[in-house]
Amino acid sequence: MEYNFREIEANWQKYWAENETFKAENPALSRAEGELNKPKFYVLDMFPYPSGAGLHVGHPLGYIASDIYARYKRHKGFNVLHPQGYDSFGLPAEQYAIQTGQHPAITTEANIATYRKQLDKIGFSFDWSREVRTSDPKYYKWTQWIFIQLFNSYYCKDADQARSISELEEVFTAEGNTRINAACDDDVQTFTAEDWNSFSEEEKQKILLKYRLTYLSETEVNWCPDLGTVLANDEIVNGVSERGGHPVVRKKMKQWSMRITAYAQRLLDGLNKIDWPQPLKDSQTYWIGRSEGAMVSFPVIPAEAGISSRENISVFTTRPDTIFGVSFMTLAPEHELVSKITTEAQKAEVEAYVKATAKRSELDRMADVKTISGVFTGAYALHPFTGEKVQIWIGDYVLASYGTGAVMAVPCGDQRDYDFAKHFGLEIPNIFQDVDISEEANADKDNSIIANSDFLNGLPYKKAMKRIIYEIEQRGFGYGKINYRLRDAVFSRQRYWGEPFPVYYKNGLPQMIDEKYLPLELPEVEKYLPTEDGKPPLGNATVWAWDTVKNEVVSNEKINNETVFPLELNTMPGWAGSSQYFNRYMDSQNEDEIFSQEAVNYWQDVDLYIGGSEHATGHLLYSRFWQKFMFDRGFVPKDEYAKKLINQGMITGTSAFVKRLDAQLHKYEDGKLKSAEGLSGIPAIFISENKKIQDYQEYIVNHIKKYVSEEILEEFNNTNNLRFNVGQSKIHSDVSFVNSHDELDIEAFKNWRSEFKNAEFILEEDGTFKVSREVEKMSKSKYNVVNPDQICEEYGADSLRLFEMFLGPLEQSKPWKTSGISGVYSFLKKLWKLYHSGENGAFFVSDDEPTKDEFKVLHKTIKKVEDDIENFSFNTSVSTFMIAVNELTALKCNKRTILEPLAIIIEPYAPHIAEELWSKLGHTTSISTVDFPVFEPKYLVESSKEYPVSFNGKMRFKIELPLDLTKEEIEAAVMAHEKTKEQLQGRIPKKVIVVPGKIVNVVG
RNA sequence: GCAGAAGUGGUGGAAUUGGUAGACACGCUGGACUUAAAAUCCAGUGGACAGUAAUGUCCGUGCGGGUUCAAGUCCCGCCUUCUGUACCA
């Protein structure tokens, strides 16, 4: 019987779906069925965004790996949770809606259907009964719910956890905010209990907003007026929008932010207790960017600045020990003091500079490190320790968004300050002992001693730091501080296709909709674009007001600002829905709670999470933040949600290029080139990879002559003034037209585009047309996307699964080349044959006792595959299976005792064929939860070893010796060997190294 | 610039604590079966040199050093590629 993968795979996929084979039971249900004894194991994939292009072969790489692991754990007796869903809010669907008017929900639905079909074909063991979609109101109800919880919480720094905002109100009522140590906005004023109690409700709300974990704030954003939207840094190229090239300006907007900075230290500390890849941890560590230093105040000298008020410039510095080296200060151009302190004389220049800077995007400013620019404000500050006057400058190398937006410049110790000082001819005092600073600044803190610094003289870095922070605090100039690079995360988007905020506005102040009226569903709109007056797309909705009496969404016309209020027009960002989905899977159909405590206490956390490293500082940081918040508020039992994480490598595409000849008409006059113009209307000529144009000059010219006008032809034939110049260019061919030998399917290529219809092809000697290949990112525009469906169709899902694993280590990125797939396919056929040794290939296994060799092959394989899966080395276990099947085939093994366990260990990798063989072996239930065979070392015990014998480290021959020999006996046996004598040629060895069971090395 | 990962045959890759470099697979070459092709099966396959041959010698894991009886693996110094990040005071 033939290995008919099409039939086999379709049958078992149907069986799994009908029998809900992979449904993970929650404890309550299990108890009823009396099978609670299994330990839990949670295997999670990063869920996909369902794009219109469908799944490509890069997606399943991680999914196959996690599926193997999940299936393996089922064999090991675990109750495995292995869910899947869709991150279905997102820009492409909205973009499509803008272009076509098609509602994003419809596009999304269709795309999900495609994804599901594709996923099903690969035979994943997902528990689809738990599927979530972030754009489903039943799901985003809980995203909105978490938002409300965040709004109703503040961060208590003393307890180092989030607490209910009502606790804070109680404290305010009793004693004001003087003793509160909480994460909050910078501009919070102190107040007493009396103050608080005399505040109006509105004032109270305004103050509380400054403490809430999600809060409204003025944020500087990249605003693109023409698109009516805010752009991310990477959506801006050369100061204009990537899409359409519209101008972009910096603008302040009121937006929701998440107070993630409150969690900076815990996000850092938590990295120590999770098993995530080091590079990923490194990038989170860097992103959080902890630095220790001090805040120091420099008073502005009022007389010089022409101001009457006392102003201070506070700066954050990591090197307060170098404070005696300060020779000037630099403010970011956006710094609020700039306009106040600038003198009349400098005003014009400063204003021009500030204006010029505002036009440049942050990215732009940062990319351009070489140009040094800045302007003197005319004002001076007082050095707190020396009492000297220092100039105050502005410069765009200082960023408003980091620290305080101002620096104390120490040119002798910081290269940027140094460059700035050199450029503008400012003083560079040296405060380092015996260090030459004539060429560059001295940033080496570990090997320098402070000098010219009063009480710090002679101290090394660490001691100087301690002393100066003490002095700064003693004298009231500032305090020691830990600063973080991490900023609060902007949580508003001016988009349609995202979660609506459960927020309405009363007198401009945000109010939460009561939890019990969630979800607040997305309204219908006429257009998905921003409104004409620059409001987000939800501004187009006509029924988008909240009635606080009826507690429902009503028409905007009813807004009276007494009982009916306008709703928030922004929507949540892409990462909102993905920040808690892993917990929702534990109890995804629960309509009363985000998840039951029973479910979350049973499943606890994710045991294995697989996904791409591109989410390192986005999803993977925000989700840890939300998890810690949920933990603080007692909703989840763990403050880190994923014990182990693996990044699968990217699969790159192998693009195919064809060489096209491009003809130009060159006109000459008196032997000199006068003009060159392209020739249109000539069918393209393509030349195969190994052919040279030079050999086809005449052919090409004759080809061109057939299509040019008669005048040109006449001039060409009768004068020397015209030539046809031929160049070549590389153009992408769709990879589906190319076979594994790099040969192009010419007919398919011709039909691909109308302009190729009449193209001519210069072939290789063997009549084929060869393309060249290059590795590039897999993308639609490069025509190198390969869909898994094609592979499933041609070779089957089991082949695809094996092949994707066989490509190489999971974590490495690798190019997709299908040339090796026939190897795994023929492996499956060989496997099938092992069980079909009957007449005419009929199924047959014998019940005879296996031989020693057969047992050895089986147990060697069990051991290796088990080790490989535990180490996520899936590529090597595929080789192991191949070796096992090759060896068993050579042994003509057909013993049930061997072939049954073999089917089980292969099942995680190739589940369809394994199920089929299992049922042929006479079993009536699925193989998926059968116990994994137990490795028995006794089958691998050897009595002898073939020792490699080396001379001076070079292996020369092998000698078979019993394993129970002593070192001396081994040495004697080796020395007695005739080849040893040959090698030594009479020399007496200096030393003989014997490692029993391993190697013998003769030296000398 | 900084951080991280990687560099091994024609190709993807293997070598788990330093101990036989190139497992397994693709490709290629030759052969069997076939009218033929596909499929399948068998044999060979890092390079150079010597030999009719069995075989032997030398060179070989990005480059240059080092440690060791022994280095793809450990140490020092470089080079290249990829990924992430961007003046962080």
Side-chain angles (χ1 to χ4, degrees), chain A residues 2 233 277-283 285-287 289-291 293 315-319 322 329-330 332 362-363 365-370 372 395-399 401-410 413-417 419-420 483-486 613-614 616-617 647 649-650 652 740-741 775 802-803 806-809 811-824 826-827 829-830 833 864 867-868 871 873 875-883 886 946-958 982 989-995 997-1004:
Chain A
E2 285 285 295
N233 281 344
Q278 197 55 43
L280 197 150
K281 287 188 185 182
D282 289 346
S283 70
T285 304
Y286 178 70
W287 192 262
R290 182 186 205 266
S291 50
V315 296
F316 174 74
T317 172
T318 53
R319 296 294 307 273
T322 63
M329 311 200 59
T330 317
E362 198 162 327
L363 194 79
R365 258 166 74 178
M366 290 188 274
D368 183 15
V369 188
K370 299 234 164 58
I372 294 163
D396 67 4
Y397 79 99
V398 178
L399 304 175
S401 52
Y402 182 75
T404 61
V407 299
M408 60 174 220
V410 183
D414 182 291
Q415 195 57 44
R416 285 155 311 174
D417 294 344
D419 295 339
F420 195 86
N483 204 44
Y484 298 93
R485 199 179 85 109
L486 184 72
S613 58
E614 65 273 22
T617 51
N647 290 130
M650 189 172 58
T652 45
S740 56
H741 300 273
V775 172
L802 285 169
F803 182 60
F806 193 58
L807 277 178
E811 294 172 80
Q812 257 169 46
S813 77
K814 52 228 148 190
W816 179 259
K817 269 208 257 173
T818 47
S819 51
I821 198 158
S822 62
V824 292
S826 53
F827 157 74
K829 281 192 282 193
K830 281 188 223 163
K833 262 195 188 159
K864 176 86 169 105
D867 288 353
D868 283 346
N871 292 314
S873 175
N875 55 326
T876 49
S877 32
V878 178
S879 316
T880 305
F881 290 134
M882 289 175 171
I883 294 167
N886 288 347
E946 196 179 32
Y947 279 91
V949 181
S950 300
F951 289 80
N952 296 318
K954 286 193 175 106
M955 206 281 286
R956 292 305 182 191
F957 64 88
K958 291 173 193 168
E982 235 170 75
K990 285 194 204 114
K991 218 195 303 190
V992 179
I993 311 273
V994 177
V995 184
K998 284 248 159 101
I999 197 172
V1000 178
N1001 191 11
V1002 183
V1003 187

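Note that these values count all heavy atoms, side chains included, but never hydrogens, waters or copies made by symmetry. Each chain gets a letter, A, B and so on, in the order the sequences are listed, and its residues count up from 1.
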Intermediate values then yes/no, side chain to side chain contact (heavy atoms under 4.5 Å, CB included), A:Ser950 and A:Val1000: CA-CA 6 Å; A:Ser950 300; A:Val1000 178; over 6 Å; no
What distance do A:Ile993 atom CD1 and A:Ile999 atom CD1 have between them, rounded to the nearest 0.5 Å? 10.0 Å
The side chain of A:Ile999 lies closest to which of these nucleotides: B:G19, B:A23, B:U85? B:G19
For B:G9, measure the glycosidic angle (O4'-C1'-N9-C4 for a purine, O4'-C1'-N1-C2 for a pyrimidine) and name it syn if it falls within 90° of 0, otherwise anti. syn
Could you measure between the two P atoms, the one in B:C49 and the one in B:G13, and give it in whole Å? 30 Å
What's the CZ-P distance between A:Arg416 and B:A86, to the nearest Å? 15 Å
P spacing across the pair B:U73 / B:G65, given as an integer number of angstrom: 15 Å
Does OP1 or OP2 of B:U40 have a side-chain N or O of A:Lys829 closer than 4.0 Å? yes
Show your working on side chain to side chain contact (heavy atoms under 4.5 Å, CB included) between A:Thr322 and A:Met408 and close with a plain yes or no. CA-CA 10 Å; A:Thr322 63; A:Met408 60 174 220; 4.2 Å; yes
A:Trp287 atom CH2 is separated from B:U83 atom P, nearest whole Å, by 18 Å
Base, sugar-phosphate alone, or nothing: which one does A:Val995 contact when heavy atoms must sit under 4.0 Å apart? base
Say we look at B:C58 and B:A3: how far apart would their C1' atoms be, to the nearest angstrom? 43 Å
Take atom C1' in B:A21 and the same atom in B:A15, then report the distance between them in whole Å. 7 Å
Working to the nearest 0.5 Å, report the span between CG of A:Leu802 and CE of A:Met882. 7.0 Å
List the steps, then state whether side chain to side chain contact (heavy atoms under 4.5 Å, CB included) holds for A:Asn886 with A:Lys830. CA-CA 8 Å; A:Asn886 288 347; A:Lys830 281 188 223 163; 3.3 Å; yes
Could you walk me through whether A:Leu807 and A:Lys814 pass the side chain to side chain contact (heavy atoms under 4.5 Å, CB included) check? CA-CA 8 Å; A:Leu807 277 178; A:Lys814 52 228 148 190; 4.1 Å; yes
Spacing of A:Trp816 atom CH2 relative to B:C26 atom P, expressed in whole Å: 16 Å
Provide, to the nearest angstrom, the distance between the OH atom belonging to A:Tyr397 and the C1' atom belonging to B:A86. 17 Å
Looking only at atom C1', what distance separates B:A53 and B:G46, rounded to whole Å? 22 Å
Can you name the side-chain hydrogen bond (donor to acceptor under 3.5 Å, both in side chains) partners of A:Ser291, sequence neighbours left out? A:Tyr402
Would you say that A:Val1003 contacts A:Val992 through its side chain, given a criterion of any heavy-atom pair below 4.5 Å between the two side chains? no
For the pair made of CE in A:Met882 and P in B:A25, what is the distance, rounded to whole Å? 6 Å
Can you tabulate the close N/O pairs, meaning under 3.5 Å, that link protein atoms to atoms of nucleotides 56-59 of chain B?
from, atom 1, to, atom 2, distance (Å)
B:U57, OP1, A:Gln983, NE2, 3.3
B:C58, OP2, A:Arg956, NH1, 3.1
B:C58, OP2, A:Arg956, NH2, 3.0

Under 4.0 Å, heavy atoms only, any strand: does A:Ser950 hit a base, just the sugar-phosphate, or nothing? nothing
Pair A:Ser873, A:Thr876 - check side-chain hydrogen bond (donor to acceptor under 3.5 Å, both in side chains), show working. CA-CA 6 Å; A:Ser873 175; A:Thr876 49; 2.6 Å; yes
Identify which nucleotide among B:A23, B:A39, B:A25 has an atom closest to any side-chain atom of A:Asn886, counting heavy atoms from C-beta outward. B:A25
Toss me the dot-bracket line for RNA chain B: Watson-Crick and G-U wobble, both under 3.5 Å, 5' to 3', using | for pairs to another strand and [ ] for crossers. (((((((..(((......[....)))((((((.......))))))(((((....)))))..(((((..]....))))))))))))....
Centre-to-centre under 6.0 Å for A:Phe803 and A:Trp816, is that the case here? yes
Result for 5'-nearest mapping on RNA chain B, choosing between A:Asn952 and A:Val878, is A:Val878
About how many Å separate CE of A:Met650 and CD of A:Glu614, when rounded to the nearest 0.5 Å? 8.5 Å
Determine the interatomic distance between P on B:A50 and the same-named atom on B:C79; round to the nearest Å. 40 Å
For nucleotides B:U20 and B:A70, find the distance between their C1' atoms and express it as a whole number of Å. 12 Å
Can you name the ring-ring contact (aromatic ring centres under 6.0 Å, His included) partners of A:Phe316, sequence neighbours left out? none
Does the protein touch nucleotides 2-15 of chain B at the base, only the backbone, or not at all? Give it as B, S and - per nucleotide, heavy atoms under 4.0 Å. --S------SBSS-
Whole-Å gap separating P (B:U85) and CG (A:Leu280): 12 Å
A:Arg290 side-chain N/O to B:C88 phosphate OP1/OP2 under 4.0 Å: no
Of the nucleotides B:G27, B:C24, B:A89, which has the atom closest to the A:Ser822 side chain? B:G27
CG of A:Leu802 versus P of B:C26: gap in Å, rounded? 13 Å
Of the nucleotides B:U20, B:C69, B:C88, which has the atom closest to the A:Lys991 side chain? B:C69
Of all residues at least two apart in sequence or in a different chain, which pass the side-chain hydrogen bond (donor to acceptor under 3.5 Å, both in side chains) check with A:Asp417? A:Tyr397
Could you give the CG-to-C1' distance, from A:Asn647 to B:C82, as a whole number of Å? 15 Å
With C1' as the reference atom in both, quote the distance from B:C63 to B:U8 in angstrom, rounded to an integer. 15 Å
Find which nucleotide of RNA chain B each of A:Val1002 and A:Gly403 is nearest to by heavy atoms, and output the residue with the more 5' nucleotide. A:Val1002
What is the distance from atom CZ of A:Phe881 to atom CG of A:Asp868, rounded to the nearest 0.5 Å? 8.5 Å
I want to verify a distance call: between B:C41, B:G19, B:C88, whose nearest atom is closest to the A:Leu399 side chain? B:C88
